[in-house]
Amino acid sequence: MTHRVAVLDKELCQPKKCGLECIKYCPVNKSGADCIILNEQIKKAQIDEDICNGCGICVKVCPFDAITIVNLATELGAEKIHQYGLNSFRLYRLPTPKKGEVVGLLGRNGIGKSTVINILSGNIKPNLGKYDNPPDWDEILKFYSGTELKSHFEQIKDNQIKTSIKPQQVSQVAQAFDGTGKELLEKFDERGVSNQLIKELGLENSVDRGLKELSGGELQRLAVAVAVSKDADFYFFDEPSSYNDVFQRIKVARTIQNLSKIGKTVMVVEHDLTFLDFLSDYIEVLYGEAIAYGIVSSVMSTKVGINVFLDGYLPSENVRFRDKKFTFDASASTDEFQEENEVITYPALEKKYPSFSVTIEAGRVRKGEVVGIMGANALGKTTMMKMIAGVEKPDSGNIDKKVKIAYKPQYLQNEAEVEVVSVLDEANENPIEGSQEEEQIVQPLKIKKLYNKSIKNLSGGELQKVAIVSCLLQKVDLYALDEPSAFLDVEDRIAVAKFLQKFVRSYGKSAIVIDHDLQLMDLISDTMIMFEGISGIEGHATSPLSKSDAMNRFLRSLDITFRRDEKSLRPRINKLDSRLDKQQKETGNFYYK
Ligand code: ADP
Ligand code: SF4
């Protein structure tokens, strides 16, 4: 038996601009019942889930893709924890926090991770699906009787639980506080650990400045420090890696792990799989359909949880939640290219600013090659990309101007009141709808739904995907992408990586990519440029190296070693001082191919 889930994307539903096709063609409506109606108050479609037969005709006829209809097993209905409203998102099941452990939540954006955090931290009182007549605490506690979560909710009810949350958007922290980092930390530091955290997270040179003057990475680490310094029982970290480089991500991971070591309960939402793997003791996967519904899996070991996620199949529940599995072909990259197929060669380059300078060894990019650029923040990676893209002029060294380059900058502008489709038309130099490029580039990255949205209203992840696609649509020889993973969820990161690899190989294109997601870089790069030096003072870039040489050098500087998961072939960080870690360090083999 199944029950119906009908969800309307209220932004996409625009009854003024369509012919009310859903209402016209619904077979239940045709038989005389009111299955889909126009809600005159909110001027949006409204679907009666009790009489909908789940045929999906409305989904197909809606010109704006605003409707999602799903048939779910009836039994699941009994495990509904929360629903925001009529035809709105609903969450089934909850993860169980574990004392003294870090539980990682893994799933795509819009699948309910923040909803979970809000419920477990007491910010949202779960309504068990009864959004029009919310239950009281007694009913909620009865629902949880006999489960581990009962005492958790009892404590929430009695206000006995102390939670600390690192919110997803760190810019909100800067907006909400008018003062220096140090003042903010001191305000919240109930555990007397602020000095230690400043050191641990490398914030010594940042904390005396006002929050509005801090970079994204500094603000992120400050927000982590604030959350850690509170004296709570439960700690939640929503995407703590954003804006940080790999060195900083490792520091953040160690700081969070120290909380679990002193017996605190920790939950983390994260899209950088290498980092999540390194950080978590357990994983719970959230699956379902973004915007419509999310289901929380049972708890798994980190290794199994991440593999299950990549497989798209949950054996314990016999559920397939993605039609294909993500695989990592470790041999897909190559550094064997025809030397005559060089797309761009550049001589040694130099650029000096009053307090920062960067030197870059000569290099080249060949047809069909992805060159990955790795290194800490503030070493000049973006400056190099800008010089190659012709946006910035080097002080010494000249770049071949004949090469046509498309450049996706790190920081994206979203103030424009312009529809996504016209941005894509312009990049493509022709209407995108119905074109070959639509099939080749737009479809694989699934952004067709956004055509009629204004750039201004896109989320960070949506804007990133539109920026990547409009870069790749341009007919040029070299694509330069600065931090394509930022704001993308785990699923989109893999989709972008796989697509980029295929796009470059099959169409004989070339790309240079800067990113801090180790798994993404490992997946897409054929060769790599390493940036080294002193952040904010001087940077130095190598020539493109073979991936194994570059990764080995990079991992050595991080003092971590990689192995490959035998099942998925994804790279995993060895536990510090484990047998493999010691063995690989002894033989100088930090990167296991
Ligand atoms: P995640 O954190 O995994 O990205 P969220 O928990 O933020 O997912 O959101 C899940 C879904 O719930 C989203 O599709 C979002 O649109 C919807 N949602 C979140 N908050 C509300 C709200 N207050 N009212 C209605 N819908 C909401
Ligand atoms: Fe009507 Fe079919 Fe849409 Fe249900 S799925 S609302 S029955 S058209």
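Order of listing sets the numbers, starting from 1, for every ligand and every atom in it. In this chain, numbering begins with 1 at the start of the sequence shown.
To the nearest 0.5 angstrom, Leu273 atom CG is 4.5 Å from Gln519 atom CD.
Of the listed residues (Leu106, Val116, Ile295), just one forms a side-chain contact (heavy atoms from CB on, under 4.5 Å) with Leu286, and that residue is Val116.
Counting heavy atoms from C-beta on, the side chains of Val228 and Phe237 come closer than 4.5 Å. Side-chain contact between Leu120 and Phe234 is absent, with no heavy-atom pair separated by less than 4.5 Å. Thr265 places none of its side-chain heavy atoms less than 4.5 Å from the side chain of Asp233.
Scanning the protein for heavy atoms near atom 1 (Fe) of ligand 2, the closest one is Cys26 SG, 2.3 Å. Summary of contacts: the protein heavy atom closest to atom 7 (S) of ligand 2 is Asn53 OD1, 3.2 Å. With respect to atom 2 (Fe) of ligand 2, the closest heavy atom belonging to the protein is Cys55 SG, 2.3 Å. With hydrogens left out, the protein atom closest to atom 4 (Fe) of ligand 2 is Cys52 SG, 2.4 Å, a heavy atom. Atom 5 (S) of ligand 2 has its closest protein heavy atom at Gly56 N, 3.1 Å.
Listed by number with element, the atoms of ligand 2 under 4.0 Å from a non-hydrogen atom of Cys35 are 1 (Fe), 6 (S). Of all atoms in ligand 2, numbered sequentially from 1 with element shown, those under 4.0 Å from a heavy atom of Ile36 are 6 (S). Contact atoms of ligand 2 toward Val28: 7 (S) (distance under 4.0 Å to a heavy atom of the residue). Close approach of ligand 1 to Asn109 is summarised as follows: ligand atoms under 4.0 Å from at least one heavy atom of the residue are 4 (O). Annotation for ligand 1: atoms under 4.0 Å from non-hydrogen atoms of Lys113 are 1 (P), 2 (O), 3 (O), 4 (O), 6 (O), 8 (O). Each of the following atoms of ligand 2 lies closer than 4.0 Å to a heavy atom of Pro27: 8 (S). Short contacts between ligand 1 and Arg108, defined as distances under 4.0 Å to a heavy atom of the residue, involve ligand atoms 3 (O). With ligand atoms numbered from 1 in the order given, ligand 1 contributes 1 (P), 3 (O), 5 (P), 6 (O), 8 (O), 10 (C) to contacts under 4.0 Å with heavy atoms of Gly112.
Considering backbone and side-chain N/O of Gly110, one or more are found under 3.5 Å from N/O of ligand 1. The shortest N or O to N or O distance between Ser114 and ligand 1 is under 3.5 Å.
Proximity annotation for atom 5 (P) of ligand 1: of Thr115, Ile291, Asp238, Asp489, Thr115 comes nearest, heavy atoms only. Closest to atom 18 (N) of ligand 1 by heavy atom, among Tyr293, Tyr84, Phe89, is Tyr84.
Taking the six-membered ring where tryptophan is involved, the planes of Phe153 and Trp137 are tilted, since the angle between them lies from 30° to 60°.
Looking at Arg93 and Glu284, no side-chain N of the basic residue comes within less than 4.0 Å of a carboxylate O on the acidic one, giving no salt bridge. Checked for salt-bridge contact, Arg572 and Asp277 meet the test: a charged N lies under 4.0 Å from a carboxylate O.
For Cys58, heavy-atom contacts with ligand 2 shorter than 4.0 Å involve the backbone as well as the side chain. Proximity of Ile47 to ligand 2, defined as any heavy-atom pair under 4.0 Å, is confined to the side chain (atoms from C-beta onward). Here Ser88 has no heavy atoms under 4.0 Å from ligand 1, in either its backbone or its side chain.
Looking at every heavy atom in both residues, Cys55 comes nearest to Asn53 through N-OD1, 2.8 Å.
Summarising the local packing, NZ of Lys142 is surrounded by 12 or fewer heavy atoms from other residues, nucleotides or ligands at distances under 6.0 Å.
Taking the six-membered ring for Trp and the full ring otherwise, Tyr144 and His152 have centroids separated by 6.0 Å or more.
Under the 6.0 Å distance and 45° angle rule, Arg108 does not count as a cation-pi partner of Phe309.
Within 4.0 Å of atom 25 (C) of ligand 1, at least one protein heavy atom is present.
The backbone N or O of Ala174 lies less than 3.5 Å from a partner atom in the side chain of Lys212, making a donor-acceptor pair.
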